[in-house]
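Here is how names work: the chains are called A, B, and so on, in the same order as the sequence lines, proteins then strands, and each is numbered from 1. Please read these numbers as outputs of a predicted model, since none were measured by experiment.
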Amino acid sequence: MLEQIREPLLAWYRENKRQLPWREEPTPYHVWVSEIMLQQTRVEAVKEYYTRFLQALPEVKDLAQCPEEQLLKLWEGLGYYNRVRNMQKAAIEIVEKYGGVMPADYEKILALPGIGSYTAGAVSSIAYGIPRPAVDGNVLRVITRITENPEDILKQSTKKKVETALQEIMLEDCPGDFNQSLMELGATVCVPNGMAKCEQCPVAQMCQAHAHKTVLEYPKKTPKKQRKIEERTVLVIQNGQEFAISRRPPKGLLAGLYELPNREGYLSEEEILSYVKDLHLLPLHIREAGEAKHIFSHVEWRMKGYFIKVAATEEKKVGSLIFVDRKESRGKYPIPSAFSAYRKFIEEDF
DNA sequence: AACACGGGGGG
DNA sequence: CCCCCAGTGTT
């Protein structure tokens, strides 16, 4: 039954596909970069990053050799920073084991760091014409609606079943277009949050949910648990024309990125001043720099900021703090957007 | 199977 | 405010 979707979907895709940067020259490297960027990330957000990234690193070997600092800078603001670290690990592996060319083999692609079944299927099918499914959130939504499948799409067993079902109906002929047609339909027609444009859908006639007017009930998913809330105190420490940043640990949230110094909990001004003194810095003034909130997928930071001016020091490194020139540092250190509310204080003076 | 891991656009 | 996005790795 499901195989009936093939032809109408392909025909629809050829007429309606969007023109996207990574569709212009779908080499394995280009497809790979785009697919990694597109993980949990919207097309619109990816476009500029994609172009800039490939301009800086046109080939796999450039990625393999890129300094970490520049790599993170290219990724700054995209989120999920392990994506780019894993991509570099994979690039190094591709250079060492495969002569700098992504292998044309699903299993070998799947074995690369940062590549799971979705990305392996996408790269295999789009770049190499290998008939493997690429099941992402769009595809899960489209297929569970067409088949009126009540299983929880957040369960990997459901994803596995959809992959198997699609593998069985895939032909050798243009698997990349077939996969992309499902994703494109999900992204532009069979959209989430109850506004599906069924009147535009090339497979509405064979859609169970459409037939039974239950489209809004799909896909089924278990409610996600609520975010943890963390209170933090953020410090903008100014030393003349310099301000303090520090590097985050190599693992965990925002690994390896730079940040404004910050502490768990809401500290009193006295506690902040004694913290600054413990760093062997002499605080001259302190004032509030306002409150800010930043929401991650699994945690929410509620921040109170303080602006602190310290007596001049020549030291560039004080404990874990690094004093950097506020102008010259601007394009240099990747600082996540969680701190964007306090960036303006860096430019300010008392 | 559950959780960690960013950030932003849209209702 | 909530949803969810061309998901993967770790535990």
Represent DNA chain B in dot-bracket notation, 5' to 3'. Only Watson-Crick or G-U wobble pairs with both distances under 3.5 Å count; pseudoknot-style crossings use [ ] and interstrand partners use |.
|||||.|||||
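A:Ser34 comes within 4.0 angstrom of nothing in the nucleic acid, heavy atoms only. Among the protein residues, A:Gln156 comes within range of the nucleic acid bases, having at least one heavy atom under 4.0 Å from a base atom. Within 4.0 Å of A:Ile36, counting heavy atoms only, lies no atom of the nucleic acid at all. Using a 4.0 Å heavy-atom distance criterion, A:Arg23 is classed as a base contact. Counting any heavy atom pair closer than 4.0 Å across all strands shown, A:Lys89 reaches no nucleic acid atom. Among the atoms of the strands shown, none is found under 4.0 Å from any heavy atom of A:Ile126. Using a 4.0 Å heavy-atom cutoff across all strands shown, A:Gly252 reaches sugar-phosphate atoms only and no base atom. In this structure, A:Asn82 reaches neither bases nor backbone, as no heavy-atom distance under 4.0 Å exists between it and the strands shown. Within 4.0 Å of A:Ser337, counting heavy atoms only, lie sugar-phosphate atoms of the nucleic acid but no base atom. Among the heavy atoms of the strands lying under 4.0 Å from A:Phe296 are primed sugar atoms or P, OP1, OP2 only; no base atom is included. Nucleic acid contact for A:Lys159: sugar-phosphate only, since backbone atoms but no base atoms lie under 4.0 Å from a heavy atom of the residue. Across all strands shown, A:Lys221 has heavy atoms under 4.0 Å from sugar-phosphate atoms exclusively, and none from any base.
Side-chain contact check for A:Pro175 versus A:Arg132: every heavy-atom pair is 4.5 Å or farther apart. Annotation: side chain of A:Gln88 is in contact with side chain of A:Ile92 (closest heavy-atom distance under 4.5 Å). Proximity of A:Tyr50 to A:Leu20: side-chain heavy atoms (C-beta onward) are nowhere separated by under 4.5 Å.
Residues A:Trp22 and A:Gly114 both approach DNA chain C. Their nearest nucleotides, taken by heavy-atom distance, put A:Trp22 toward the 5′ side. Taking for each of A:Ala255 and A:Met195 the nucleotide of DNA chain B with the nearest heavy atom, the 5'-most of the two is the partner of A:Ala255. DNA chain C is contacted by both A:Leu112 and A:Ile153; A:Ile153 maps to the nucleotide lying nearer its 5′ end (nearest heavy atom per residue). Projected onto DNA chain B by closest heavy-atom contact, A:Glu44 and A:Lys251 fall at different nucleotides, the more 5' of which corresponds to A:Lys251.
When rounded to the nearest whole Å, the span between CZ of A:Arg42 and P of B:dG11 equals 10 Å. Per the geometry, NE2 belonging to A:His294 stands 12 Å off C1' belonging to B:dC5, to the nearest Å. The separation between A:Glu76 atom CD and B:dC5 atom C1' is 17 Å, rounded to whole Å. The interatomic distance linking A:Leu72 (CG) with B:dG7 (C1') rounds to 16 Å, in whole Å. B:dA2 atom P lies 10 Å from atom CG of A:Leu154, rounded to whole Å. Separating the OH atom of A:Tyr80 from the P atom of B:dG6 is a distance of 8 Å, rounded to the nearest angstrom. To the nearest angstrom, C1' of B:dA1 lies 11 Å from CG of A:Asp152. Rounded to a whole Å, the CD atom of A:Gln40 is 12 Å from the P atom of B:dG6.
With respect to A:Glu242, the salt bridge (charged side-chain N to carboxylate O under 4.0 Å, His left out) criterion is satisfied by exactly one of A:Arg326, A:Lys316, A:Lys317, A:Lys327: A:Lys316. Screening A:Ile109, A:Thr119, A:Asp105 against A:Ser124 for a side-chain contact (heavy atoms from CB on, under 4.5 Å) leaves a single residue, A:Ile109.
Here the separation of B:dC3 from C:dA6, taken at their C1' atoms, is 22 Å to the nearest Å. A gap of 15 Å separates the P atoms of B:dG6 and C:dT11, to the nearest Å. Of the C1' atoms belonging to B:dC5 and C:dC4, the separation is 15 Å, rounded to the nearest Å.
In this model, a side-chain donor or acceptor of A:Thr41 finds a partner on the base of B:dG6 within 3.5 Å.
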Evaluation steps, side-chain hydrogen bond (donor to acceptor under 3.5 Å, both in side chains), between A:Thr313 and A:Asn239:
CA-CA 7 Å; A:Thr313 169; A:Asn239 169 32; 5.3 Å; no
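Read 5' to 3', the first and last nucleotides of DNA chain C with an atom closer than 4.0 Å to a heavy atom of chain A are C:dC1 to C:dG9.
At distances below 3.5 Å, not a single donor-acceptor pair connects side-chain atoms of A:Glu69 with backbone N or O atoms of A:Tyr333. Proximity of a side-chain donor or acceptor of A:Thr158 to a complementary backbone N or O of A:Leu154 within less than 3.5 Å is not detected. Here the side chain of A:Glu3 pairs a donor or acceptor atom with the backbone of A:Met1 at under 3.5 angstrom.
An OP1 or OP2 oxygen of B:dC5 is reached within less than 4.0 angstrom by a side-chain nitrogen or oxygen of A:His298.
The ring pair (Phe, Tyr, Trp, His ring centres under 6.0 Å) analysis of residues 181-223 of chain A, with sequence neighbours excluded, yields no pairs.
A salt bridge is absent between A:Arg42 and A:Glu44; no separation between the charged side-chain nitrogens and carboxylate oxygens falls under 4.0 Å.
Transitive grouping of hydrophobic side chains (ILVMFWY, heavy atoms separated by less than 4.5 Å) brings A:Leu257 and A:Ile36 into a common cluster.
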